[in-house]
Amino acid sequence: MSMPKQNSELGQRKAGKLLRAGRAVGFAVLGLIAFALVLGLSGKPPQGDGTVFSSAQARQEGDYARHDLDYGISMELPKDWKVLSAAELAGEMEKSLEYLEKSGGGSLPPPKMPFGATSEPGGAGVYVMVYDNELGVASVQMMLGLAEQPDGLAGIKTFYEPELAKAMAYENKPLLAMHPVSLAAVDGQKALLIAYQYQDDKTGTPWEARQYQLAFPKHALELVMVWEESRADAMLPVVEKILSSVKFAPLPAAQ
């Protein structure tokens with residue numbers, strides 16, 4: 001009667017060993033976490049001028065506007081959401097760089113195209129990051145491959161949870177719960193979904209986060225969506241509409 005449990009525990013331990021064996025890749029994964037934590041997870045409106053990131057073009061229709069980003073990415077955002085400027089995003093990333101340096105992952109190249117937007121007056125946010133380096137691509141590819149192995153998802157959670165808790169503690173945003181890791185799809189592309197709940201460092205209120213990681217031949221993508229739990233009835237449908245609107249256009253061979 002105990003064999004299924006034993007097999008599950010063995011599978012999780014095996015997954016953990018695979019993750020720890022790829023130490024450099026593990027640091028890349030940790031880097032993806034660290035950047036995700038810092039990019040405005042409080043979801044509060046920015047204090048700067050809210051200038052649209054230079055590579056984003058908005059096409060407006062109805063209550064939503066489609067934003068065309070680099071790397072063939074586009075998504076629809078509510079017109080009253082504030083798109084963070086490149087300067088604002090750079091400021092948000094300072095602590096992540098500090099954390100990476102202290103954790104041993106300081107050599108990880110930063111994302112080339114940080115992009116973020118928040119609702120007004122707060123309550124939700126969405127962030128996109130792209131890594132066009134081999135280490136970032138390899139880390140996500142490895143995770144997606146591991147996720148399809150027996151007990152792979154449980155093993156990934158076992159690996160992620162303590163690392164995520166440490167990173168969140170560094171940001172003064174305690175990790176309240178990490179949900180089961182799962183596979184999802186974004187515009188038909190396979191994604192690793194890391195979902196968790198944390199406590200906002202300023203208000204003390206619980207927030208939910210969904211972190212989608214995708215791998216393409218030449219780059220890796222991370223899509224982070226957050227919302228305040230107490231406002232889930234209003235914000236979650238908006239977040240899900242944004243997610244369903246994400247499109248990936250084919251890229252030229254050079255990208």
Check: [Y] and [X] side chains under 4.5 Å, non-hydrogen atoms:
| X | Y | result |
| --- | --- | --- |
| Ile73 | Phe248 | yes |
| Val181 | Leu193 | no |
| Tyr212 | Met225 | yes |
| Val128 | Met75 | yes |
| Leu183 | Leu144 | yes |
| Leu223 | Val246 | yes |
| Leu146 | Ile156 | yes |
| Leu176 | Gln199 | yes |

same_hphob_cluster(Trp207, Leu175) at 4.5 Å side-chain heavy-atom cutoff: yes
Single-linkage hydrophobic cluster, 4.5 Å side-chain cutoff, Val137 and Met142 together: no
Measure from the side-chain N and O atoms of [X] to the backbone N and O of [Y], and report whether any donor-acceptor pair falls under 3.5 Å.
| X | Y | value |
| --- | --- | --- |
| Asp151 | Ala154 | no |
| Ser244 | Lys241 | yes |
| Ser245 | Glu76 | yes |
| Ser119 | Ala124 | yes |

If I take atom [atom1] from residue [X] and atom [atom2] from residue [Y], how far apart are they, to the nearest 0.5 angstrom?
| X | Y | atom1 | atom2 | answer |
| --- | --- | --- | --- | --- |
| Lys82 | Glu120 | NZ | CD | 5.0 Å |
| Lys218 | Asp132 | NZ | CG | 10.5 Å |
| Gln211 | Met129 | CD | CE | 7.0 Å |
| Asp63 | Asp80 | CG | CG | 8.5 Å |
| Leu192 | Glu222 | CG | CD | 10.0 Å |

Over-ring placement of Lys79 relative to Tyr64, 6.0 Å and 45° cut-offs: no
Mutual orientation of the aromatic rings belonging to Phe115 and His67 [parallel < 30°, tilted 30-60°, perpendicular > 60°]: tilted
Determine the minimum heavy-atom distance between [X] and [Y], stating which atoms define it.
| X | Y | answer |
| --- | --- | --- |
| Ala209 | Tyr198 | CB-CE2, 4.1 Å |
| Ala232 | Pro237 | O-CD, 3.6 Å |
| Thr203 | Asp200 | N-OD2, 2.7 Å |

Polar side chain donor-acceptor pair, Thr205 to Glu228, under 3.5 angstrom: yes
SB check Arg210 Glu240 (cutoff 4.0 Å): yes
ring-ring contact (aromatic ring centres under 6.0 Å, His included) between His219 and Tyr71, intermediate numbers included: CA-CA 9 Å; His219 67 280; Tyr71 292 87; 5.1 Å; yes
Partners meeting side-chain hydrogen bond (donor to acceptor under 3.5 Å, both in side chains) with Lys190 (sequence neighbours left out): Glu148
Pair Tyr160 and Tyr196, ring centroids less than 6.0 Å apart: no
Residue pairs fulfilling side chain to side chain donor-acceptor pair (under 3.5 Å) with at least one residue in residues 178-188, sequence neighbours excluded: His179-Glu208
Test applied, side chain to side chain contact (heavy atoms under 4.5 Å, CB included); reference residue, Leu77; option that passes from Val238, Ile242, Thr118: Ile242
Asp233 atom CG, neighbour heavy-atom count above 12 within 6.0 Å: no
side-chain contact (heavy atoms from CB on, under 4.5 Å) assessment of Gln213 paired with Tyr131: CA-CA 11 Å; Gln213 296 180 3; Tyr131 299 79; over 6 Å; no
